[in-house]
Amino acid sequence: MKKIPWLLCCGVGPSLLVPCQAAAERRVDAERPNVVLIVADDLGYGDLSCYGAHRVSTPHVDQLAACGLRFTDAHSVAATSTPSRYSLLTGHYSWRRNDTGIATGDAGMVIRPEQATVADLFHEAGYVTGAVGKWHLGLGDKTGTQDWNGRVTPGPEDIGFDYSYLMAATGDRVPCVWMENQRVANYDPSAPISVSYRKPFPGEPLGKNHPELLTKLKPSPNHGHDMAIVNGISRIGYMKGGGKALWEDENIADSLTAKAVDFIRREARRPFFLYVGTNDVHVPRYPHERFRNKSGLGYRGDAILQFDWTVGQVIEALRREGILENTLILLTSDNGPVVDDGYADRSVELLGDHRPWGDLRGGKYSCFEAGTRVPFVVSWPGRVKPGVSDALVSHIDLFATMAALLGSRYEAPAAPDSRNQLPTWLGRTRKGRPYVIEAAGSLSIYDGKWKYITPNNGSPYFKLTNIESGNSKQDQLYHIRKDRSERENLATRNPKLLNRLRALLEQEKELLQR
Ligand code: NG6
Ligand code: CA
């Protein structure tokens, strides 16, 4: 494990260290709670019953929200996974870099070892740290050069995680194996693994040529999930080998939940930080038979039930160990919802009047609110006063907020975009951020009342996923507080306001270029 010289805990260290804004908070919460961060995949603002879903029921999340604080104006930094998770873990805006787009399964580490993460913070504070589930932040040094038959390094260990059990990218991308502490779990020496995103392996059947092998799910036309076939589902990318290490999609939630529960059991006696990234409700959706066809909404709805089950299992494990009271749980989603994202799983046909995006416009990939306004629940029994908060909050603040919780100090270059929001996240104030910045086809800035979407040349509508992208060649300005469905573009009527937001955004963009 690397030691980050500039990252020190509890105020020890040379005077050049910039004190964290809320070191004082530590005095309030001195007993070092465990922190569990649950990040759902593509779960929409309207997908949970506590956020108004009527057609699907999520009792475990609802219970968490009932005992904690449910935020109605929470935002991820980006409308897809890699840039969203990058910012969540680093406190650095992914849009400041040009290499944080959706990562392939053979991408090198997007967060480089020298960069600080929230896991480093916990690690340096003496916590044991774990990451379980969806990763999608690259593994190894350089894209396409990993040897999947050995230890892939650098990896999560180099950015603060003592333990990891991860899928490299997404369920729809090869390699379809679990990486446990940077080695293929359940490795099968009789089936060495090769991965390529450039060319197929001779003799390996592909989804596009062998529909008869697609026993679980077929790809939707034109999305491109028709390459390597792994256990009855074709994926993006090419893969050979794997044998008994290959995952079965119906067991993904069980596997990652078991590892999360094991971690909690193992580490219950010392403070820990656990990141749980569920595969639900990302495609391919093929939930366990306990959930399949149970929601009435197709596999997407079933995957929501499965997600809720995972949340319940994690909470139950904490309760069993007697540490629920001393655990801060954060639950959110990496980006907004999509119904058909590449597989013919009948989620479109069976959606009925369920609205994954709630009353928001757009969805995953979109500059409109449904792309980046996400569920966000904070629970810490006895510490967080139960309720609902409409404070403006963002994933970007996880780093500084956790630093405040821990009383950690860190030098200014770490997490430059992150601000301490501990009082807001714990419900001690309803004052949130002055504004948030969101990235999809282009950047938007939203101050809790007005939102400005910068013009761009992208297509206004994504035909494949049936999502309004929010892209426009014109400036767009919406009065979100009155019109959160972004129906009326008020840009031409409010040039002053628009200029103010544009100037603020420009200022942010220049901030780190000095
Ligand atoms: C897209 C994929 C989509 C999904 C997404 C990543 C196509 C046409 N679509 O490029 O299926 O994998 O990437 O989703 O390739 S995310 O939530 O992990 O960002
Ligand atoms: Ca996602």
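Numbering of ligands and ligand atoms starts at 1, following listing order.
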(request) Indicate yes or no for a side-chain donor-acceptor contact from S347 to the backbone of R300 under 3.5 Å, with no hydrogens or angles considered. (result) yes

(request) Tell me, with the steps shown, if V77 and Y93 meet side chain to side chain contact (heavy atoms under 4.5 Å, CB included). (result) CA-CA 7 Å; V77 168; Y93 282 132; 3.8 Å; yes

With atoms numbered from 1 as shown, which atoms in ligand 1 lie under 4.0 angstrom from a non-hydrogen atom of [X]?
X	value
T80	19 (O)
I236	15 (O)
D41	17 (O)
D42	17 (O)
N335	17 (O)
H136	18 (O)

(request) Determine the sole option in F376, F71, W357, Y45 for which the ring-ring contact (aromatic ring centres under 6.0 Å, His included) test with Y51 is passed. (result) Y45

(message) Between D41 and R85, does any NZ, NE, NH1 or NH2 come within less than 4.0 Å of an OD or OE carboxylate oxygen?
(response) yes

(message) Looking at E369 and R484, is any side-chain nitrogen of the basic one under 4.0 Å from a carboxylate oxygen of the acidic one?
(response) no

Assess the side chains of [X] and [Y]: does a donor N or O sit below 3.5 Å from an acceptor N or O?
X	Y	value
D162	H123	yes
T170	D172	yes
N466	Y461	yes

For N/O/S atoms only: which one belongs to [X] and is nearest the Ca ion (ligand 2)?
X	answer
D42	OD1
D334	OD2
D41	OD1

(request) Tell me which part of T170 gets within contact of ligand 1: side chain, backbone, both or neither, using heavy atoms under 4.0 Å. (result) side chain

(request) Check each of N222, N279, D172 against atom 12 (O) of ligand 1 and report the one with the nearest heavy atom. (result) D172

(message) Tell me the nearest of K364, H223, R173, K134 to atom 10 (O) of ligand 1, using heavy-atom distances.
(response) R173

(message) Any N/O/S atom from T80 (main chain or side chain) under 3.0 Å of the Ca ion (ligand 2)?
(response) no

(request) Look only at interatomic distance and state if D341 has a nitrogen or oxygen under 3.5 Å from any nitrogen or oxygen of ligand 1. (result) yes

When you measure from [atom] to every protein heavy atom, which one gives the shortest distance, and what is it?
atom	result
atom 19 (O) of ligand 1	S81 N, 2.8 Å
atom 1 (C) of ligand 1	Y365 OH, 3.6 Å
atom 9 (N) of ligand 1	H225 CE1, 3.7 Å

(message) side chain to side chain contact (heavy atoms under 4.5 Å, CB included) for F273 and F161? Distances and angles first, verdict last.
(response) CA-CA 9 Å; F273 168 64; F161 289 103; 3.8 Å; yes

(message) When you measure from the centre of the six-membered ring of Y343, is the NZ or CZ of R285 closer than 6.0 Å and no more than 45° off the axis?
(response) no

(message) Do R292 and Y286 form a cation-pi contact, if we require the NZ or CZ to be under 6.0 Å from the six-membered ring centre and within 45 degrees of the ring's axis?
(response) yes

